[in-house]
Amino acid sequence: MTSQVGSEPIVRVQHVHRIYHLSGEDIHAINDVTLDISSGRMTAIVGRSGSGKTTFLNLIAGLDDPDEGEVWFDGRALKTMRDPERLLLRRERIGFVFQNFGLLPLLSAAENVGVPLRMRQMARHDREERVRQALEWVGLAERARHRPYELSGGEQQRVAIARALAAQPSIILADEPTGQLDSQTGRRILELMRRLVVEQGITVVIVSHDPQVMEEADVVHELRDGRLIDTRYKANGQSSV
């Protein structure tokens, strides 16, 4: 897989609104956001708690629908996709990494990594080889038989990254991947995610309020009260609102 920096955006968001109705009040979780997410880059969506970061992630994954505006994935509007098509998109093209790791406690590391491949009904030999390669890539080949409770927090998150990697997605969406880790372990996880971009050509989008994420990302989009207030680019120092 090769990086495609400079190609058409893998995700395009235009004038998107998401409004929740709570106790007779309209809450604008996302308020007229327009931005592109380029292929082959690490993009950070940052902001304080309640700024709309997770809602935004759900919208670009097709887990939620905007009230206004449109979201495109690889040139196709999500609103034109039926639920089975969206499910296939998430299964085949999108990997997920969560703050709480999202591992099944009774399964070994290898079995957890293999779950998305089982859902694809991949042949056993091919699945086991893909799992082996993914665990080796994150440095956990020797921990393949361990269950989550036998692993440190950093190791559990590396298993989660291996699970996403094994599915060979076009994009990985990570929701606060360093949120439960100390700063040193969080740094190692971010370095691993940087390698996903550089070595695997996978687009990575991280939702976070961790300053380390902002330092590592190629592009930083900052949300406040559901609005996009700033975009910063690492390469050339360009900034726009």
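For reference, positions follow the sequence shown, starting with 1. The basis for the numbers below is simple: all heavy atoms, side chains too, and nothing from hydrogens, waters or symmetry mates. Quantities reported herein were computed from a predicted structural model and do not represent experimental measurements.
For Arg195, the side-chain hydrogen bond (donor to acceptor under 3.5 Å, both in side chains) partners are Glu199, not counting sequence neighbours. Residues meeting the side-chain hydrogen bond (donor to acceptor under 3.5 Å, both in side chains) test with Asp67, sequence neighbours left out: Arg18.
Using a 4.5 Å heavy-atom cutoff, the side chains of Leu135 and Val113 are in contact. The shortest side-chain heavy-atom distance between Val33 and Phe56 falls under the 4.5 Å cut-off. For the pair Ile171/Val205, a side-chain contact is recorded, criterion being any heavy-atom separation below 4.5 Å from C-beta on. You'll find the side chain of Ile45 stays beyond 4.5 Å of the side chain of Leu57, heavy atoms only. Proximity of Ile161 to Leu196: side-chain heavy atoms (C-beta onward) are separated by under 4.5 Å at one or more points. At least one side-chain heavy atom of Glu176 sits less than 4.5 Å from a side-chain heavy atom of Ser208. Between His221 and Leu228 there is a side-chain heavy-atom pair separated by less than 4.5 Å. When side chains are defined from C-beta on, Val204 does not count as touching Thr43, because their heavy atoms never get closer than 4.5 Å.
Under a 3.5 Å cut-off, the side chain of Asn31 and the backbone N or O of Arg227 do not form any donor-acceptor pair. Checking side-chain atoms of Thr203 against main-chain N and O of Gly40 turns up a donor-acceptor pair under 3.5 Å. Put simply, the side chain of Thr34 gets close to the backbone of His15: a donor and an acceptor are under 3.5 Å apart. With hydrogens and angles ignored, the 3.5 Å screen pairs a side-chain donor or acceptor of Arg86 with a backbone N or O of Gly62. With hydrogens and angles disregarded, a donor-acceptor distance shorter than 3.5 Å links the side chain of Arg163 to the backbone of Gly102. The backbone N or O of Glu25 sits nowhere less than 3.5 Å from a side-chain atom of Ser23 that would complete a donor-acceptor pair. For the pair Gln180 (side chain) and Gly153 (backbone), a donor-acceptor distance under 3.5 Å is absent. Judged purely by atom type and a 3.5 angstrom limit, Asn58 has no side-chain atom pairing as donor or acceptor with the backbone of Asp64. With hydrogens and angles ignored, the 3.5 Å screen pairs a side-chain donor or acceptor of Gln157 with a backbone N or O of Phe98. Judged by distance alone, with hydrogens and angles left aside, the side-chain atoms of Arg143 form a donor-acceptor pair with the main-chain N or O of Glu150 at under 3.5 Å.
A donor atom on one side chain and an acceptor atom on the other are not found under 3.5 Å apart for Ser108 and Arg147. For the 3.5 Å distance criterion, the side chains of Asp182 and Thr185 qualify, holding a donor opposite an acceptor. Under 3.5 Å, the side chains of His21 and Asp26 contain a donor-acceptor pair of N or O atoms. Under 3.5 Å, the side chains of Glu216 and Gln212 contain no donor-acceptor pair of N or O atoms.
Between the CZ atom of Arg12 and the CG atom of Leu35 there is a distance of 10.5 Å, given to the nearest 0.5 Å. Rounding to the nearest 0.5 Å places CE of Met42 at 4.5 Å from CZ of Arg194. Atom NZ in Lys53 sits 7.0 Å away from atom NE2 in His209 (nearest 0.5 Å). Atom OG in Ser170 sits 8.5 Å away from atom CG in Leu89 (nearest 0.5 Å). Note that OG1 of Thr178 is 13.5 Å distant from CD of Gln184, once rounded to the nearest 0.5 Å. Atom CD1 of Ile27 sits about 11.0 Å away from atom OH of Tyr20, to the nearest 0.5 Å.
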Start with the C-alpha distance between Phe73 and Ile10, add both sets of side-chain angles, then the distance that settles side-chain contact (heavy atoms from CB on, under 4.5 Å), and finish with yes or no. CA-CA 6 Å; Phe73 187 97; Ile10 188 170; 4.1 Å; yes
Between Ile189 and Met193, does a side-chain contact (heavy atoms from CB on, under 4.5 Å) hold up when you go through it step by step? CA-CA 6 Å; Ile189 291 300; Met193 300 191 86; 4.3 Å; yes
side-chain contact (heavy atoms from CB on, under 4.5 Å) between Tyr149 and Leu106: does it pass, once the steps are laid out? CA-CA 9 Å; Tyr149 65 85; Leu106 298 181; over 6 Å; no
CA sep, side-chain torsions, deciding dist, call: Leu192, Arg158, side-chain contact (heavy atoms from CB on, under 4.5 Å): CA-CA 8 Å; Leu192 192 60; Arg158 284 155 65 192; 3.7 Å; yes
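For Val138 against Ala162, the heavy-atom pair with the smallest separation is CG2-CB, 3.9 Å. Closest approach of Ala77 and Thr80 over heavy atoms only: O-OG1, 2.6 Å. Of all the heavy atoms in Val207 and Pro177, the pair that sits closest is O-CD, 4.0 Å. A pairwise comparison of heavy atoms in Asn112 and Pro148 identifies ND2-CG, 4.1 Å as the closest pair. The two residues Leu117 and Ala167 come nearest to each other via the heavy atoms CD2-CA, 4.0 Å. The two atoms that bring Ala164 and Gly95 nearest to each other are CB-CA, 4.2 Å, heavy atoms only.
Here Glu128 does not pair with Arg132 in a salt bridge; the nearest charged N to carboxylate O distance is not below 4.0 Å. Ion pairing between a basic and an acidic side chain is recognised when a charged N comes within 4.0 Å of a carboxylate O; Arg187 and Glu215 show such pairing. One finds a salt bridge joining Asp230 and Arg232 here, because a Lys/Arg side-chain nitrogen approaches an Asp/Glu carboxylate oxygen to under 4.0 Å. A salt bridge is absent between Asp36 and Arg41: the closest approach of a Lys/Arg side-chain nitrogen to an acidic carboxylate oxygen does not fall below 4.0 angstrom.
A chain of hydrophobic side-chain contacts below 4.5 Å, direct or via other Ile, Leu, Val, Met, Phe, Trp or Tyr residues, connects Leu181 to Val97. At a threshold of 4.5 Å between side-chain heavy atoms, the hydrophobic network of Ile, Leu, Val, Met, Phe, Trp and Tyr places Val16 and Trp72 in two separate groups. Residues Leu107 and Leu151 fall into different hydrophobic clusters, defined by Ile, Leu, Val, Met, Phe, Trp and Tyr side chains chained together at heavy-atom separations under 4.5 Å. Hydrophobic cluster membership differs between Met214 and Ile206, with clusters built from Ile, Leu, Val, Met, Phe, Trp and Tyr side chains linked at under 4.5 angstrom. Using a 4.5 Å cut-off between side-chain heavy atoms of Ile, Leu, Val, Met, Phe, Trp and Tyr, with links allowed through other members, Ile30 and Val220 fall into different hydrophobic clusters.
Applying the 6.0 Å contact sphere to CZ of Arg118 captures no more than 12 heavy atoms from other residues, nucleotides or ligands. Residue Arg48 qualifies as open at atom CZ: its count of foreign heavy atoms under 6.0 Å is 12 or below.
For the salt bridge (Lys or Arg N to Asp or Glu O under 4.0 Å) criterion with Lys79, the lone passing option out of Glu85, Glu68, Glu70 is Glu70. For the side chain to side chain contact (heavy atoms under 4.5 Å, CB included) criterion with Gln168, the lone passing option out of Gln200, Arg130, Glu92 is Arg130.
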